[in-house]
Amino acid sequence: MGHKVPPLANRLGFSKGWNSRWFAKRQTFGLMLMEDERIRRHLRNALSGAAVARVEIERTASRVRVIIHSGRPGIIIGRRGADIDRLRDDLHGITNRELVIDIKEVKNPAIEAQLVAENVAFQLERQIGFRRAMKRAIQMGMSSGGLGIRIRCAGRLGGAEMSRVETYKDGTVPLGTFRADIDFGFAEAKTTYGRIGVKCWVHRAQAAPAETTGSGNRPAEAGEAVR
C-alpha cells in the first residue's frame, strides 16, 4: 500500500497537517468542501506564474483565512498591493464570508515538491529534453539541502509513438518511514504530443511528529520505536 497512498495523506496527524482546517455539520460540509475546491482552482489559474506551492484554508464561524505559500510573493501582492486587492475581490465572489489572505514565502523552492514538478512540466512544454530537465531539477534540489529526490515522468516522452515511464532518483526517499519529511507534488505538461504527468517526491529532513490531541494519541519520543 505504500505505493498507492500519497505520502501526505499517509502522514496526516503524525508529521503532516491538513491543508483545510475547519469543522462543519453534515448539512453544510459538502458546500464548504466544494467552496474550498473552487478557491484553490481559481488561485491555481490566476496565480499560475507565482510559484504557488500549496494553499491552506482556515474557517471560523464568519471568516475564511486563505494562506498562500509562494516562491514569488511579490507577483501576488503587485505594485502597492493592487493585485492582492483584486484577488480578494475575486474570491469574495466565491464565498460570502469575511475573507483574509495571508502570503508566506517559500524559503527554498528547490526542495518544494510541487514547485519542482511544475518546473519540470514547464520545461517539457518548452520542448526541453525530459532527461535534462529531470536531472537538472534533481541536481538543484540536492545542492539546496535535500536528502533525496525522485522524479517520474509518464507519457509520450520526446514525441515517441508509445507512452512510457522514466524515473530518476538521487539520495534516499524512504516512503515507508513516517518520521521522514516526504513532500509530494504533481503537475501536467501539455505538449503537442499529449499530456505528460510529472510526479515528484522530495525527502527534506527527519521530521518530528506533529502534536496530536485526544486520548491515546501522543507523539513518539526520540529514540522510541514507532509501530
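Predicted model, so just to flag it, every value in this text is computed and none were measured.
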Nearest-0.5 Å distance, CZ of residue R44 to OG of residue S48: 11.5 Å
Qualifying residue, where the test is salt bridge (charged side-chain N to carboxylate O under 4.0 Å, His left out) with R86 and the options are D90, D89, D83: D83
Check: T28 side chain, A24 main-chain N or O, donor-acceptor pair, under 3.5 Å: no
Side chains of K199 and W201 in contact at under 4.5 Å (non-hydrogen atoms): yes
Student check: side-chain heavy atoms of V198 and F186 closer than 4.5 Å: no
I57 side chain reached by R21 side chain, heavy atoms, under 4.5 Å: no
Test applied, side-chain hydrogen bond (donor to acceptor under 3.5 Å, both in side chains); reference residue, S20; option that passes from E37, R40, E58: R40
L157 with Y193, same ILVMFWY side-chain cluster at under 4.5 Å: no
E112 with R204: basic N within carboxylate O range, under 4.0 Å: yes
E166 and R152, any side-chain heavy atoms less than 4.5 Å apart: no
No-hydrogen, no-angle side-chain donor-acceptor test under 3.5 Å, R54 and S70: no
Polar side-chain atom of E56 near backbone of N19 as donor-acceptor pair, under 3.5 Å: no
Electrostatic pair R11:D181 at N-O distance under 4.0 angstrom: no
Any donor-acceptor N/O pair, H69 side chain to V106 backbone, under 3.5 Å: no
Evaluation steps, side-chain contact (heavy atoms from CB on, under 4.5 Å), between V66 and D102: CA-CA 6 Å; V66 179; D102 291 340; over 6 Å; no
Same apolar cluster (I L V M F W Y, side chains within < 4.5 Å links), L47/I94: yes
Check: L87 and H42 side chains under 4.5 Å, non-hydrogen atoms: yes
Check ion pair R88-D85 (N to O, under 4.0 angstrom): yes
For C153 against L124, the heavy-atom pair lying closest together: SG-CD1, 4.3 Å
Flag, side chain of N108 to backbone of S144, donor-acceptor distance under 3.5 Å: yes
Within 6.0 angstrom of E125 CD, more than 12 heavy atoms from elsewhere: yes
Nearest heavy atoms of A117 and C200, plus distance in Å: CB-CB, 4.1 Å
Validation row: I103, I84 side chains within 4.5 angstrom (heavy atoms): yes
Residues R59 and E35 bridged, charged N to O under 4.0 Å: yes
Nearest-0.5 Å distance, CE of residue M34 to CZ of residue F29: 11.5 Å
L147 versus A205, closest heavy-atom pair with distance: CD1-CA, 3.8 Å
Exam field: side chain T60 to backbone R63, donor-acceptor pair closer than 3.5 Å: yes
Smallest separation among heavy atoms of L12 and G17, with atom names: CD2-O, 3.3 Å
Q123 side, atom CD; F130 side, atom CZ - distance, nearest 0.5 Å: 13.0 Å
I76 side chain reached by I68 side chain, heavy atoms, under 4.5 Å: yes
Check: K169 and I149 side chains under 4.5 Å, non-hydrogen atoms: no
Hphob cluster co-occupancy, I67 + M32, side-chain heavy atoms under 4.5 angstrom: no
N/O donor-acceptor pair under 3.5 Å between D183 side chain and A113 backbone: yes
Distance in Å, R150 CZ paired with Y168 OH, rounded so as to fall on 0.5 Å steps: 14.0 Å
Same apolar cluster (I L V M F W Y, side chains within < 4.5 Å links), I111/M134: yes
Transitive ILVMFWY side-chain link L99 to I77, under 4.5 Å: yes
Smallest separation among heavy atoms of A110 and M140, with atom names: CB-O, 4.0 Å
Test item: T95 side-chain N/O and H92 main-chain N/O as donor-acceptor pair under 3.5 Å: no
Test log, rule side-chain contact (heavy atoms from CB on, under 4.5 Å), inputs I151 and I138: CA-CA 8 Å; I151 301 178; I138 291 176; 3.7 Å; yes
Value rounded to 0.5 Å, distance of CG in L43 from CZ in R38: 13.0 Å
Minimum heavy-atom distance between V120 and A133, given as atom pair plus value: CG2-O, 4.1 Å
I39 and L91: CA distance, side-chain angles, deciding distance, side-chain contact (heavy atoms from CB on, under 4.5 Å) verdict: CA-CA 7 Å; I39 290 175; L91 294 181; 4.2 Å; yes
